[in-house]
Protein chains: 2
Amino acid sequence: MPTPHYGLPRYRAIAEELRERIESGVIPPGALLPTESTLTTEYRASRGTVRQAIAALRDDGLVATEHGRGTYVQVSPLKACRLLESDSATRKREVAASAELAKLFGIEVGAPLLEQESIQRSDGAVETVTKIYKLPKTTR
Amino acid sequence: MPTPHYGLPRYRAIAEELRERIESGVIPPGALLPTESTLTTEYRASRGTVRQAIAALRDDGLVATEHGRGTYVQVSPLKACRLLESDSATRKREVAASAELAKLFGIEVGAPLLEQESIQRSDGAVETVTKIYKLPKTTR
DNA sequence: AGAAATTTGTCCGTATGTATC
DNA sequence: AGATACATACGGACAAATTTC
């Protein structure tokens with residue numbers, strides 16, 4: 001049977017489907033995605049196509065794959081905001097905008113920015129450091 | 001013929017070979033890489049493997065591929081990254097650890113760290129910039 | 001400790017679709 | 001329109017890491 005792909009490629013469609021499951025919380029951060037062979041039968045796609053879909057999510061940093069283990073859902077940038085509220089290892093401070101950040105926000109270099117830093121540890125070792133930059137409310 | 005791969009996977013070996021050609025100037029910036037089918041016969045590898053090698057280079061920002069055209073060597077890996085990514089939503093790159101991050105991760109200042117940056121906009125205006133730092137996992 | 005099962009990684013070959021020249 | 005080149009998709013086979021028994 002041929003392999004036509006009208007519109008969205010299948011691997012992208014599958015990636016979007018999985019992305020929704022993740023972002024809606026059906027598959028929470030830290031949980032394992034269904035195995036490749038499961039997804040293969042679920043979507044009736046070849047393993048290569050499924051792997052391509054997962055690779056797309058991985059490129060976006062949404063998931064991480066480990067050999068022999070599986071593919072884990074990562075703490076996504078958006079959800080990181082919510083995590084900050086409950087996490088203890090979090091800190092807020094005002095910093096001066098770097099050249100890069102200033103350009104992004106469209107402000108002057110050195111202008112004040114609000115930085116929220118969150119540190120995630122595993123067995124005491126720092127695993128991830130998340131920094132969220134926003135404009136101070138006073139400038140809005 | 002089976003598929004043994006002692007040590008380095010073939011697609012990585014091919015990627016390294018191509019990287020050398022690029023960085024040594026044999027294939028100058030702006031030039032086209034050999035076509036996939038050419039590389040297929042050159043390395044006696046399947047097209048999928050060649051494409052995997054090219055994808056690796058693309059991930060590093062060393063080349064860019066255009067449908068129906070070919071794969072171009074980028075002007076300057078580092079500079080091109082900054083220029084091209086000014087609009088994209090998320091990007092990954094390797095950065096040198098600042099004093100603060102080095103202390104947190106327990107590494108040396110300037111050691112490589114993986115940074116994933118995510119930009120959230122609202123009506124075109126940058127609202128939030130999220131940066132997630134992790135230790136590079138695999139040996140690069 | 002060791003064997004088996006599970007799961008992801010690599011590689012091949014083929015066929016067809018789509019964009020560019 | 002035809003040729004060239006990259007994109008998508010399938011299926012099969014074996015390798016390597018992890019978990020389970």
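We name chains A, B, ... by the order of the sequence lines, and we start the count at 1 in each one. Owing to the predicted nature of the structure, the values given are computational and were not obtained by experimental measurement.
To the nearest angstrom, P of D:dC14 lies 17 Å from CZ of B:Arg10. Taking atom CZ on B:Arg51 and atom P on D:dT8, their separation rounds to 7 Å, with Å as the unit. Between B:Arg12 atom CZ and D:dA15 atom P the separation is 20 Å, expressed in whole Å. Rounded to a whole Å, the CG atom of A:Leu8 is 13 Å from the P atom of C:dT18.
A:Arg93 CZ: more than 12 foreign heavy atoms inside a 6.0 Å radius.
Using a 4.0 Å heavy-atom criterion, one finds that A:Gly48 contacts no nucleic acid atom at all. Heavy atoms of B:Arg44 sit under 4.0 angstrom from primed sugar atoms or phosphate atoms, though from no base atom.
Using modelled atom types, no side-chain atom of B:Thr38 and backbone atom of B:Pro34 make a donor-acceptor pair closer than 3.5 Å. Formation of a donor-acceptor pair under 3.5 Å by the B:Glu66 side chain with backbone atoms of B:Tyr72 is not found in this model. Counting only distance, with no hydrogens or angles, the side chain of B:Thr40 and the backbone of B:Glu36 share a donor-acceptor pair below 3.5 Å.
The side-chain hydrogen bond (donor to acceptor under 3.5 Å, both in side chains) check on A:Lys131 picks up B:Glu100, with sequence neighbours excluded.
In this structure, the nucleotide among C:dT10, D:dA9, C:dC12 sitting nearest to the side chain of B:Gln52 is C:dT10. The side chain of B:Ser46 lies closest to C:dG13, out of D:dC6, C:dT8, C:dG13.
Partner B:Tyr133 forms a side-chain contact (heavy atoms from CB on, under 4.5 Å) with one of B:Leu104, B:Val95, B:Leu114 and no other, that one being B:Val95.
An OP1 or OP2 oxygen of C:dC12 is reached within less than 4.0 angstrom by a side-chain nitrogen or oxygen of B:Thr49. In this structure, A:Arg47 does not reach the D:dG11 phosphate: none of its side-chain N or O atoms is under 4.0 Å from OP1 or OP2.
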Sort me out a list of protein N/O and nucleotides 17-21 of chain D N/O pairs below 3.5 Å, or just none if empty.
residue	atom	partner	partner atom	Å
D:dT18	O3'	A:Arg69	NE	3.0
D:dT19	OP1	A:Arg69	NE	2.5
D:dT19	OP1	A:Arg69	NH2	3.0

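Salt bridge annotation for A:Glu42-A:Arg21: present, with a cationic side-chain nitrogen under 4.0 angstrom from a carboxylate oxygen. With respect to A:Arg12 and A:Glu16, no salt bridge is recorded, no charged nitrogen being found less than 4.0 Å from a carboxylate O.
Near-neighbour residues of DNA chain C inside residues 30-43 of chain A, defined by a heavy atom below 4.0 Å, number-ordered: A:Thr35, A:Glu36.
In this structure, a donor-acceptor pair under 3.5 Å is absent between the side chains of A:Arg47 and A:Ser37.
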